[in-house]
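Read the numbers this way: they start at 1 and go in the same order the structure lists the ligands and their atoms. Numbering of residues begins at 1 and proceeds along the displayed sequence.
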Amino acid sequence: MAPKNYQLTDSATGKTSDLPVRSGTIGPDVLDVATLYRDHGVFTFDPGFGVTAACESRITYIDGDEGVLLYRGYPVEQLAEKSSFMEVSYLLLHGELPARKDLDIFVSNIRHHTMINETLLRFFNGFHHNAHPMAMVSAVVASMSAFYHDSMDINNPRHREIFAHRIIAKIPTIAAAAHKHSLGQPFVYPRNDLDYCSNLLHMFFAVPCAPYRVDPIYAQALDLLFILHADHEQNASTSTVRLAGSTGANPYAAISAGVSASGGPAHGGANEAVLEMLEEIGTADNIPKYVAMAKDKSSHFRLMGFGHRVYKNFDPRARLIREMCHKVLAKLGRSDNPLFELALRLEEVALKDEYFVARKLYPNVDFYSGIIYSALGIPRSMFTVMFALARTVGWVAHWQEMIADPAMRISRPRQLYSGPKRRDYTDIAGRA
Ligand code: ACO
């Protein structure tokens, strides 16, 4: 079959050129506009990058119309049912599901790196007790570059691998340290005899003065949430990691940039905002009032946990998390959770409303995740840290993919300039 292309004609000059079309393995074709400025002297304009493929990637695929999410080709539903967060991490980083021996080596490598330098631990004392944990986590992750000069050559594949193991192993320890600092409790060291999520729960909830037993139901629930949050192709925080990393910045700086970008309520911060919103709504009687506010363009209020740039059908992760909410709350004997009831009712009302139907606004991954985190005893200010913790694996996979690509260039978007034209400096005495 002849290669597809689009012909572009400049209506003023009549000049034409062929823009090649590139096809992926699945998904829409993309128009290669790299020669546009050279041939026609124009840029493309796409604020928010709604239709711009910023890179080629082999990691994650989303079909927003069909509600499909694949990690390295595997449907997220299958991974959620059968896999584990460690196995999914290996898959995202290496491209294939591991053989038993490879998984054991990977898990052992992660366990080997769970402790953080004691000096790094002291950084937390510089924060006020009520500092938001995201501020502490992003600062401490950025500071890690000051500790690992021996293994930060981004062009050395072994150094990149050590970085990947370090950050994936240490981010739960950093998150737990931020949590303990907020509470004023002593830091709890990692336990390498526990699996990834059990160790996280242990570091969060154990105290030196009493025994603590990790509830396997809690660990399983967390593991599933982490699988569902592990990657989501070129979202805002992942694109931030790629952009920061494209300058050759050290990888800890790039991940810290991702943590910072993920904190906004339009992105990873939505899980915290959803619970705030549900508490504000309070009872089902108030739902119509808040739905009306969400539709009112002058109110600035949005239904948090609703809508997505890519999903114009149900977010498959939200469906899985909603099911998990039922299971987890039942297992914990808290089936009558009023916030969950309210969330279900709000979803029902919104999905029947013409405004949400017309704009294809459905619950996203974070509409229900905060309810599970709450049930597990994780405080609201830590929800977005949980998002960042799980997404670190995706960020690392994308950073690795980008750095290993010989065609990598610095990310440098252009603009449509609408400021003043050239003008001459006037002396202050001559200004009005
Ligand atoms: N409540 C009310 N109206 C909404 C909502 C919402 N949650 N989301 C979108 N809309 C409306 C917009 O006002 C717009 O209406 P208009 O066409 O009349 O102007 C239309 O739907 C399209 O929305 P955009 O803002 O253009 O969509 P965009 O793709 O830019 O934004 C986003 C996507 C940021 C997720 C948005 O839906 C939103 O703010 N949702 C709430 C926050 C949230 O839950 N974020 C988490 C996303 S998942 C994640 O990142 C982990």
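- Residues forming a side chain to side chain donor-acceptor pair (under 3.5 Å) with Arg319 (at least two apart in sequence, or on another chain): none.
- Residue, atom and distance of the protein heavy atom nearest to atom 19 (O) of ligand 1 are Lys297 NZ, 3.6 Å.
- The main-chain N or O of Glu77 is never found under 3.5 Å from a side-chain atom of Tyr74 such that the two would form a donor-acceptor pair.
- Here is the list of ligand 1 atoms found below 4.0 Å of a heavy atom in His308: 35 (C), 37 (O), 48 (S).
- Considering only non-hydrogen protein atoms, atom 11 (C) of ligand 1 sits nearest to Tyr355 OH, 3.4 Å.
- Taking 4.0 Å as the cut-off, Phe367 does not count as a neighbour of ligand 1 on heavy-atom distance.
- Here the protein heavy atom with the shortest distance to atom 32 (C) of ligand 1 is Arg302 NH1, 4.4 Å.
- Nearest non-hydrogen protein atom to atom 9 (C) of ligand 1 is Leu361 CD2, 3.5 Å.
- If you check which protein heavy atom lies closest to atom 1 (N) of ligand 1, you get Leu303 N, 3.1 Å.
- For atom 51 (C) of ligand 1, the nearest protein heavy atom (residue, atom name, distance) is Asp366 OD2, 3.3 Å.
- Looking at atom 41 (C) of ligand 1, its nearest protein heavy atom turns out to be Phe306 O, 3.3 Å.
- With respect to Phe306, the ring pair (Phe, Tyr, Trp, His ring centres under 6.0 Å) criterion is satisfied by exactly one of Tyr368, Tyr362, Phe356: Phe356.
- The closest protein non-hydrogen atom to atom 35 (C) of ligand 1 is Gly307 O, 3.6 Å.
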